[in-house]
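Step one of this worksheet: look at the structure below.
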Amino acid sequence: MLERFERLTNLLLKHEVTWKTSTFKQANFRYLDQQAELKQWLFSLSDHELASLQSNDTLLLNAIFCVFPDAAEILELLQFPSSISSTLQPPEKFWDTDIPGRKASQILAFSDAVGKINHPILEWCCGKQHLGRFLSEVNNQPSEGLEIDTHLVAKANELSKKRKLHHLVITHECDVFSTQADHFIKQDQHIVALHACGGLHAQLLKKCAEHQVNQISVSPCCYHRFNASERYQALSKSGQTSALRLTMSDLRLAVQETKTASASETRKRRTLQAWRLGFDSLQRDIRAEDSYLETPSVNSSILNTSFKSFCKELAHRKNLVLDGSINYKDYQIKGADRFYLYERAELFRMCFRRALETWLILDRAFYLSEQGYKTSIEIFCSSDISPRNFMLHAQLHT
């Protein structure tokens, strides 16, 4: 794994300017001018081709190889063993009551990847403890869950009672960043977490190492969330001594691929982005300054108004004066044109999103190895079920 980590580090450093550049903030893409063949390829993609490549890293890296040769090495470094099964069978009828379909599929795949559990279970940041409840029922092991949200804790315990598992499965209200969490962590446990966000799952790994927990199975998510600093603090010695330095913005790129949004949500997001680019063109002209202006987030309900109203809202928030001579239709068209080019230029950055995520999961694996664990990484579900499909297993050396 160390060789893979070092090769990934070198590749990411080599192309650091590309993936660290915020494509959205560029009024043009001059950094692509030195790669004319790549630029031509990107801007010639049809909408259908673009959509296919945006949603599949393997397709993207294979397709772009003709104009970006390093894509072959990136793709090679992203390969991990897979535990994906096509014959996943739930234990009992109605086990997935109140569980969304995609989440239910993730739980089945997670359970299949973990295999037989022979220790009491603790689920970290458990929400309604769907995962812990399922693993408890399958393995006939007690399961506790830790969750900060009072409503989710109540719902989790209610669902345990419905399944007649309240004697085995209980959820506790707990802030996992507090010392209270230590009271629930025992050495003779198998601690699990399905899509625990950045700082939350980092805290889990540190607590497990501190208490020398027997087994850990975690699927990380949203590496940029719940961190104490805007600079990424690597967990392992290999990560800490690496020349690669990451920010929370970089970590957002690692989880940029998503398949959970509905078609309606996707349309709204794309329209808002196009409107923002239209306003960006407008504010550059008003200020006579060719630079991006950071603007606050707005609710998607603003799409029910007009582009003109959108511009006036953002201008008001940034204390910009809009005179009556502005041709808003013209700027709306400019925004749509810029968005067309932005999506294609952004596709080049997407070549590095899974590479970054791989670097981060390896950092976690190395950290646990340094703490006395035998570690492994595998793909536990298809990207259609969840793009966040890395599973990190760790067993304490005895």
Side-chain angles (χ1 to χ4, degrees), residues 8-47 49-54 57 60-74 224 230 243-254 256-257 269-295 307 311 314 318 320 326-327 330-356 359:
L8 270 173
T9 300
N10 291 335
L11 269 170
L12 288 168
L13 288 171
K14 178 180 178 181
H15 299 285
E16 192 171 26
V17 172
T18 295
W19 55 265
K20 278 185 173 287
T21 298
S22 174
T23 313
F24 193 80
K25 298 179 182 180
Q26 306 299 308
N28 51 58
F29 307 102
R30 293 195 182 96
Y31 64 93
L32 290 175
D33 290 343
Q34 297 177 354
Q35 303 178 74
E37 192 178 3
L38 170 64
K39 185 175 182 179
Q40 181 182 7
W41 183 86
L42 289 168
F43 291 161
S44 66
L45 291 171
S46 69
D47 288 344
E49 290 170 327
L50 177 71
S52 297
L53 299 178
Q54 284 174 328
D57 288 307
L60 170 58
L61 291 166
N62 277 319
I64 206 171
F65 168 72
C66 62
V67 288
F68 178 52
D70 280 352
E73 185 176 6
I74 294 174
H224 59 284
E230 274 300 307
L244 189 65
R245 294 291 178 264
L246 301 174
T247 65
M248 292 305 110
S249 179
D250 299 329
L251 268 56
R252 287 186 182 91
L253 175 61
Q256 189 168 316
E257 184 184 9
R269 175 185 56 80
R270 298 178 80 248
T271 301
L272 269 177
Q273 287 179 309
W275 281 17
R276 280 192 174 277
L277 290 174
F279 175 78
D280 182 59
S281 294
L282 172 59
Q283 66 83 17
R284 288 174 193 249
D285 289 346
I286 291 174
R287 295 193 302 139
E289 184 175 327
D290 192 19
S291 63
Y292 186 80
L293 180 66
E294 295 288 349
T295 53
F307 175 70
C311 290
L314 289 189
K318 301 301 293 187
L320 297 178
I326 294 171
N327 185 335
D330 184 45
Y331 282 107
Q332 186 172 0
I333 292 171
K334 285 183 179 180
D337 291 343
R338 280 184 60 184
F339 182 70
Y340 177 91
L341 297 175
Y342 152 72
E343 282 200 297
R344 284 153 177 79
E346 179 72 358
L347 198 63
F348 187 32
R349 286 185 76 231
M350 290 185 184
C351 290
F352 303 96
R353 60 188 175 188
R354 187 66 164 182
L356 277 167
W359 193 93

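For the single chain, residues carry numbers from 1 onward in sequence order. On a predicted model such as this, the values are computed, not experimentally measured, just so you know.
When the salt bridge (Lys or Arg N to Asp or Glu O under 4.0 Å) test is applied to Glu230, no partner is found at least two apart in sequence or on another chain. Listed by chain and residue number, Tyr342 satisfy the ring-ring contact (aromatic ring centres under 6.0 Å, His included) test with Phe339 (two or more places apart in sequence, or in another chain). Contacts of Trp275 classified as ring-ring contact (aromatic ring centres under 6.0 Å, His included), with partners at least two apart in sequence or in another chain: Phe307, Phe310.
In this structure, Leu356 CG and Leu11 CG are separated by 11.0 Å, a value rounded to the nearest 0.5 Å. Taken from CG in Leu60 to CD in Glu49, the straight-line distance is 12.5 Å, to the nearest 0.5 Å. Taken from CD1 in Ile64 to SG in Cys66, the straight-line distance is 8.0 Å, to the nearest 0.5 Å. Put simply, CG on Asp57 and CE on Met350 are 9.0 Å apart, with the number rounded to the nearest 0.5 Å. To the nearest 0.5 Å, the span separating CG on Leu12 from CG on Leu246 amounts to 8.0 Å. Atoms CZ and CH2, on Phe352 and Trp359 in that order, are 16.0 Å from each other to the nearest 0.5 Å.
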- Query: After noting the C-alpha distance and the side-chain angles of Phe43 and Phe29, does the key distance pass the side-chain contact (heavy atoms from CB on, under 4.5 Å) rule?
  - Reply: CA-CA 11 Å; Phe43 291 161; Phe29 307 102; 3.8 Å; yes
- Task: Evaluate side-chain hydrogen bond (donor to acceptor under 3.5 Å, both in side chains) for Gln54 paired with Glu346, printing each intermediate quantity in order.
- Result: CA-CA 9 Å; Gln54 284 174 328; Glu346 179 72 358; over 6 Å; no
- Checking side-chain contact (heavy atoms from CB on, under 4.5 Å) for the pair Leu282/Leu320: CA distance, chi angles, key distance, verdict? CA-CA 11 Å; Leu282 172 59; Leu320 297 178; over 6 Å; no
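A salt bridge links Arg284 with Asp280: the distance from a Lys NZ or Arg NE/NH1/NH2 to an Asp or Glu carboxylate oxygen falls below 4.0 Å. Electrostatic pairing of Lys318 and Glu294 does not count as a salt bridge here, judged by no charged N lying under 4.0 Å from a carboxylate O.
Contact of the Phe65 side chain with the Ile74 side chain is not registered, since no non-hydrogen atoms from C-beta on lie closer than 4.5 Å. Residues Gln256 and Leu253 meet the side-chain proximity criterion, which asks for heavy atoms closer than 4.5 Å.
Cys311 and Phe279 make their closest contact through O-CE1, 3.6 Å (heavy atoms, listed as atom of the first residue, atom of the second, distance). Closest approach of Arg344 and Tyr340 over heavy atoms only: NH1-O, 3.0 Å. Between Thr21 and Arg349 the shortest heavy-atom distance is O-NE, 2.9 Å. Between Asp250 and Thr247, the shortest heavy-atom contact is OD2-N, 2.9 Å. Nearest heavy-atom pair, Asp285 versus Lys334, reported as atom, atom and distance to 0.1 Å: OD2-NZ, 4.2 Å. For Glu16 against Leu244, the heavy-atom pair with the smallest separation is OE2-CD1, 4.4 Å.
When the options Arg270, Arg269, Arg276 are evaluated for a side chain to side chain donor-acceptor pair (under 3.5 Å) with Gln273, the one that passes is Arg269.
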